Amino acid sequence: MSDFRWWHIEPVLTIEDELFGAERWTAPMFWNELASGHYYRVYLAKGEVVGYAGLAASPPDEAWINNVGVRRDFQRRGVGRALVDDLHAEAARVGARQILLEVAADNEPAQRLYASYGFEVIGRRRGYYQPSNTDALVMSHDL
């Protein structure tokens, strides 16, 4: 696991394309996250980026998991869990009382991962993901 740096943006965009297609984040979005000082990490395997995750903390109240992505050929190998563990530890380190996130309503594997940490659905954002018009579930976990 390493800090997400500008040179990781290109390989992360490849993962974004693979996972999210038209709803993927863009390079300027990641540049903005890094410039804003948000906490971002990459998971490396043999020097290649195979996963990434980001957290925007607003202590003392909350921290938001902005994104978690794992290359398809590395899914179900503990990479996502390692990234979420890292974000969880950072949220606790900065004193956040609650972690929140949005996840696609049709992304059951991610929902199961978050539920295993104690995240619960607290709301729904209808048509949040565009252009697919997929709902987002808002999930929360108290620290």
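Quick caveat: nothing in here was measured; it's all calculated off a predicted structure.
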(request) Ignoring hydrogens and angles, state whether a donor on the side chain of Y129 or E102 is under 3.5 Å from an acceptor on the partner side chain. (result) no
(message) Do P109 and N107 have side chains that approach each other closer than 4.5 Å (heavy atoms only, starting at C-beta)?
(response) yes
(request) Mark yes or no: R77 above the aromatic ring of F74, with NZ or CZ under 6.0 Å from the six-membered ring centre and no more than 45 degrees from the axis. (result) yes
(message) Angle between ring planes, W25 versus F30, binned at 30° and 60°: parallel, tilted or perpendicular?
(response) tilted
(request) Answer yes if the side chains of E33 and N66 hold a donor-acceptor pair under 3.5 Å, and no otherwise. (result) yes
(message) For Q111 versus D106, what's the shortest heavy-atom pair and its separation?
(response) NE2-N, 4.1 Å
(message) Hydrophobic clusters here meaning ILVMFWY residues chained together by side-chain heavy-atom distances under 4.5 Å, can you tell me if I9 and F20 are in one?
(response) yes
(message) Could you check whether D3 pairs with R41 (Lys NZ or Arg NE/NH1/NH2 to Asp/Glu carboxylate O, under 4.0 Å)?
(response) yes
(request) Verify the cluster assignment for L83 and Y52: are they in a single hydrophobic cluster under the rule of side-chain heavy atoms below 4.5 Å apart? (result) no
(message) Within the structure provided, determine whether M1 and L44 are in side-chain contact (heavy-atom separation under 4.5 Å).
(response) no
(message) With a sphere of 6.0 Å drawn around CD of E120, does it hold more than 12 non-hydrogen atoms of other residues, nucleotides or ligands?
(response) no
(message) Using 30° and 60° as the class boundaries, would you call the ring planes of W31 and W6 parallel, tilted or perpendicular?
(response) parallel
(message) Between R81 and S116, do the side chains contain a donor N or O and an acceptor N or O under 3.5 Å apart?
(response) yes
(message) A side-chain contact here means heavy atoms from C-beta on lying under 4.5 Å apart; do I122 and L100 qualify?
(response) yes
(request) Indicate whether the side chain of N133 and that of Y128 have a donor and an acceptor atom separated by less than 3.5 Å. (result) no
(message) If you define the side chain from C-beta out and look only at heavy atoms, does anything of H88 sit under 4.5 Å from L143?
(response) yes
(message) Heavy-atom count check: over 12 atoms from other residues, nucleotides or ligands less than 6.0 Å from E18 CD?
(response) yes
(message) Is there a side-chain contact between E16 and E23 in this structure, where contact means two heavy atoms from C-beta onward sitting under 4.5 Å apart?
(response) no
(request) Answer yes when E62 and R97 have at least one side-chain N-carboxylate O distance shorter than 4.0 Å, and no when they do not. (result) no
(request) Treat each ILVMFWY residue as a node, draw an edge where side-chain heavy atoms are under 4.5 Å apart, and state whether I65 and L113 are in one component. (result) yes
(request) Check whether any side-chain heavy atom of Y114 sits under 4.5 Å from a side-chain heavy atom of V68, and report yes or no. (result) yes
(request) Name the orientation class of the two ring planes belonging to H141 and F119 (parallel below 30°, tilted from 30 to 60°, perpendicular beyond 60°). (result) tilted
